[in-house]
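Quick note: numbers below take in every heavy atom, side chains included, and nothing from hydrogens, waters or symmetry partners. Residue numbers start from 1 in every chain, and the chains themselves are labelled A, B, ... in the order their sequence lines are given, proteins ahead of strands.
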Number of protein chains: 2
Amino acid sequence: MNPITFYKCLADETRLRCILLIHQEKELCVCELMQALNESQPKISRHLAQLRNCELLTDRRQGQWVFYSINQALFQWIHTVLSETLQNNPDFLADNIIALEEMGNRPQRAQSCCA
Amino acid sequence: MNPITFYKCLADETRLRCILLIHQEKELCVCELMQALNESQPKISRHLAQLRNCELLTDRRQGQWVFYSINQALFQWIHTVLSETLQNNPDFLADNIIALEEMGNRPQRAQSCCA
DNA sequence: TTAAAATATATGAAAATAAATATATATGAA
DNA sequence: TTCATATATATTTATTTTCATATATTTTAA
């Protein structure tokens with residue numbers, strides 16, 4: 001991924017929060033991100049679609065849910081930048097993580113082997 | 001600097017090239033950036049003003065020239081991200097560096113002590 | 001010396017372009 | 001049918017660019 005595309009992905013509050021939350025949590029579905037960010041379904045979904053189109057995120061469907069994660073095929077420096085950002089801005093996601101943890105009925109992850 | 005402000009700074013081609021060139025060259029003036037990027041004076045100047053307002057760059061005037069450099073007071077992770085980006089995208093600035101090196105009459109830097 | 005010209009940079013304001021959002025609706029799985 | 005997610009389209013909002021002009025410094029020459 002070229003650096004401009006990458007930084008455009010990070011340059012929006014909704015997207016940056018989604019990306020960093022997913023990076024930290026490994027995998028989140030749309031409804032979890034809606035709850036964590038307190039944003040509408042189409043808004044979250046649109047931004048995720050954009051990140052999927054750029055190949056920053058990959059998705060997998062499990063039943064009714066679609067789980068998003070960071071594309072592991074990306075160059076290492078991309079992961080480094082995300083980790084640096086997360087580690088050095090511990091407050092940035094604080095409220096989102098609280099909201100996520102307060103969420104009831106979070107979908108169960110199944111292993112790919114038994115989905 | 002908060003991460004959204006930072007990534008908005010990087011999310012434009014003109015700005016990203018300026019920032020990474022300055023990071024690599026330590027200090028560049030407006031006319032050098034115009035030459036390296038082959039862009040108009042107001043365009044370069046406007047983007048630099050924006051980066052100065054965000055405190056990503058600092059400037060010093062030396063005679064008729066204004067030299068820009070990365071604000072050394074920024075958190076370390078910001079510098080890390082810039083270095084990672086530069087090191088892992090060696091082609092990105094290639095043409096800009098050629099254009100810069102082809103530039104005649106580059107302004108002489110004076111030390112602060114003898115300016 | 002000072003006044004005009006030249007050079008480098010900055011900025012106001014309009015125009016052009018791009019991006020984000022909201023509403024309604026569609027799809028797909030349980 | 002219901003729940004989760006996606007998307008089309010219209011609208012709003014934000015960003016970028018351009019042109020003209022302003023400012024600051026240096027140089028030239030009267």
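- Phosphate proximity of C:dT21 to A:His47: present, with a side-chain N or O under 4.0 Å from OP1 or OP2.
- The CZ atom of B:Arg46 lies 12.5 Å from the CD1 atom of B:Ile44; values are rounded to the nearest 0.5 Å.
- Comparing C:dA20, C:dA10, C:dA29 by their closest approach to the side chain of A:Asp12 singles out C:dA20.
- For B:Gln62, no side-chain nitrogen or oxygen approaches OP1 or OP2 of D:dT25 to under 4.0 Å.
- Candidate nucleotides D:dT16, D:dT5, D:dA4 were compared by shortest atom distance to the side chain of A:Cys31, and D:dT5 ranks first.
- Under 3.5 Å, the side chain of B:Gln41 and the base of C:dA8 form no donor-acceptor pair of N or O atoms.
- The pair B:Arg17-B:Glu39 does not count as a salt bridge, with every side-chain nitrogen at least 4.0 angstrom from each carboxylate oxygen.
- The shortest distance between the side-chain N/O atoms of B:Tyr68 and the OP1/OP2 oxygens of C:dA10 is below 4.0 Å.
- Distance B:Leu51 CG to D:dT15 P: 14 Å, rounded to the nearest Å.
- Counting to the nearest Å, the C1' atom of D:dT15 and the CG atom of B:Leu10 are 16 Å from each other.
- Residue whose closest nucleotide on DNA chain D sits further toward the 5' end, between B:Ala11 and A:Glu32: A:Glu32.
- Here the closest heavy-atom approach between residue B:Glu32 and residue B:Phe67 is recorded as OE1-CE2, 4.2 Å.
- Nearest to the side chain of B:Gln64, among D:dT7, C:dA8, C:dT21, sits C:dA8.
- In this structure, the CD atom of A:Glu13 is 18 Å from the P atom of D:dT13, given to the nearest Å.
- Base pairing of C:dG28: its partner is D:dC3, meeting the Watson-Crick or G-U wobble criterion (both donor-acceptor distances under 3.5 Å).
- Of the residues near DNA chain C, A:Arg15 and B:Arg52, the one whose nearest nucleotide (by heavy atom distance) lies more toward the 5' end is B:Arg52.
- A donor and an acceptor atom, one from each side chain of A:Gln62 and A:Arg60, are located under 3.5 Å apart.
- If you check every strand for non-hydrogen atoms under 4.0 Å, B:Phe67 touches nothing.
- Distances were taken from every side-chain heavy atom of B:Cys29 (C-beta onward) to each of C:dT9, D:dA6, D:dT18; the shortest belongs to C:dT9.
- Atom CE in A:Met103 sits roughly 14 Å away from atom P in D:dC3 (whole-Å rounding).
- With distances taken from any side-chain atom of B:Val30 to the nucleotides D:dT15, C:dT9, D:dT16, the minimum falls on C:dT9.
- In this structure, of D:dT7, C:dA20, D:dT17, it is D:dT17 that holds the atom nearest to the side chain of B:Thr14.
- Atoms NZ (B:Lys43) and P (D:dA20) sit 18 Å apart, rounded to a whole Å.
- Candidate nucleotides C:dA20, D:dT7, D:dT18 were compared by shortest atom distance to the side chain of A:Ser45, and D:dT7 ranks first.
- Of the candidate nucleotides D:dT7, D:dA20, D:dT17, D:dA20 has the atom lying nearest to any side-chain atom of B:Pro42.
- Looking at A:His79 and A:Gln72, their side chains come closer than 4.5 Å, going by heavy atoms from C-beta outward.
- The partner of C:dT7 is D:dA24, by the rule that a Watson-Crick or G-U pair needs both atom distances under 3.5 Å.
- Ring geometry, B:Tyr7 versus A:Tyr7: the interplanar angle falls under 30°, so the pair is classed parallel (tilted spans 30 to 60°).
- In this structure, CG of A:Leu57 is placed 11 Å from P of D:dA6, rounded to the nearest angstrom.
- For A:Trp65 and C:dG28, the CH2 to C1' distance is 14 Å, given to the nearest whole Å.
- Checking C:dG12, C:dT21, D:dT5 against every side-chain atom of B:Arg46, the shortest atom distance belongs to C:dG12.
- At whole-Å resolution of the value, NZ in A:Lys8 and C1' in D:dT15 are 10 Å apart.
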